[in-house]
Amino acid sequence: MLEFDFIEQIRARCALVRADVVLGIGDDAAILRPPPDRELAVSTDMLVEGVHFRAGISPYDLGWKALAVNLSDLAAMGATPAWALLTLTMPQPDESFVEAFAAGFAELAGAHRVALVGGDTTRGPLSVGVTVHGFVPQGHALRRDGARVGDAVFVTGTLGDAAAGRRCLEDRSGRFAALSDDVRDALIARLDRPLPRVATGQTLRDRAGACIDISDGLIADLGHIARRSGVGIEIDSFALPASPALLAACDEATRIELQACGGDDYELAFTASLSAANVAQRAMARSGRGATCIGRVVAGNGVRLLDGTGREIELAHRGWEHFA
Ligand code: ADP
Ligand code: MG
């Protein structure tokens, strides 16, 4: 197969009609029509083999995850996803790889009504780049700089499963290698098929003060909110929400380390005044999704993880940093 055949294969798999796509895949550029009363939220994230995913990941999961991490950024802005671009670099032409990859991408794109409108396909080390565009009412995007002293800090879903899933794949002899298949599968699924909290992000508009999605690790990512907002943040380690699989998988110290610093969660962390948080919790409960209060915004700077007696827990590393 040639470059054009792959593009056609991806286009066929990801066909989704949107009235705001005037001209999609096939010309030198896509022509798109954003709603006149909306701001455009744009974000891009790339996944590189050996850095963001292991060589053995299923192509379906890779297609899913490449879009999921990008939709997670739109979720953190409170934006409604609309369009995506895909750049795919592969070492050799592989029809079945592209078929499964496009199927995973298309499954999540369809669920969020995202149209794939263009991209680029080249030969090289396996890597995937996705750019997403979404809409947000003017002046109402969720940002990192809106945290205020006295706000509570919340997180959606549960934390630490994806990082524990990574341990399951890396650990050949230790405790993670001895887990039951059910527990391992549940943890690895959270690593490979993150669910971007897109609806929750939209619910949080005008309710959350600041919001971020957790990719590098809770403490590291909350550090961005603290810095951009000019505040400090205290997190109660005992309040961090954990799944049954994670509770079964490790001791408390390991669990807290994975939850606080493991990353790849793609949950939303946000701050809200207590009255706004009540409104947000009710709105989220209606959509079947909740959030857990895990700490508070304080005067000062930085993020501190506290134990049950209020003492700071020292962390070996605070999260992912590519150039550390
Ligand atoms: P050009 O040489 O003008 O860059 P290409 O041959 O690279 O054009 O691409 C042809 C069309 O296919 C363009 O509309 C481009 O956006 C689209 N395209 C290429 N690769 C992908 C891909 N991986 N996913 C989606 N669309 C793609
Ligand atoms: Mg091109």
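Both ligands and their constituent atoms are indexed starting at 1 by order of listing. Side chains included, hydrogens not; waters and symmetry mates left out as well; all remaining heavy atoms used.
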Please work out which of G118, A30, G26, A29 has its closest non-hydrogen atom nearest to atom 26 (N) of ligand 1.
G118
When you measure from atom 17 (C) of ligand 1 to each heavy atom in D28, I25, V117, which option holds the nearest one?
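That would be I25.
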For [X], which part has a heavy atom under 4.0 Å from ligand 1: side chain, backbone, both, or neither?
X    : result
I7   : side chain
L116 : side chain
R11  : neither

Regarding [X] and [Y], do their side chains bring together a donor and an acceptor under 3.5 Å, going by distance alone?
X    : Y    : answer
Q9   : E99  : yes
T156 : E267 : yes
D20  : W83  : yes

Any salt bridge between R166 and D264, counting N to O under 4.0 Å?
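Here R166 pairs with D264 in a salt bridge, since their nearest N and O are under 4.0 Å apart.
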What are the atoms of ligand 1, with element, lying closer than 4.0 Å to any heavy atom of E3?
6 (O), 7 (O)
Residue D27 vicinity, atoms of ligand 1 by number, heavy atom under 4.0 Å:
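So the answer, numbered in order with elements, is 13 (C), 14 (O).
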Please report the shortest heavy-atom distance between P196 and S72, naming the atom on each side.
CB-N, 3.7 Å
Is there a nitrogen or oxygen of L86 sitting under 3.5 Å from a nitrogen or oxygen of ligand 1?
yes
With respect to T87, determine whether any N or O atom, backbone or side chain, lies less than 3.5 Å from an N or O atom of ligand 1.
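Not met; the criterion fails.
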Report yes or no: does K65 contribute a side-chain atom to a donor-acceptor pair with the main-chain N or O of L47 at less than 3.5 Å?
no
Within a radius of less than 6.0 Å around CZ of R228, do more than 12 heavy atoms belonging to other residues, nucleotides or ligands occur?
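At most 12 heavy atoms, drawn from other residues, nucleotides or ligands, come within 6.0 Å of this atom.
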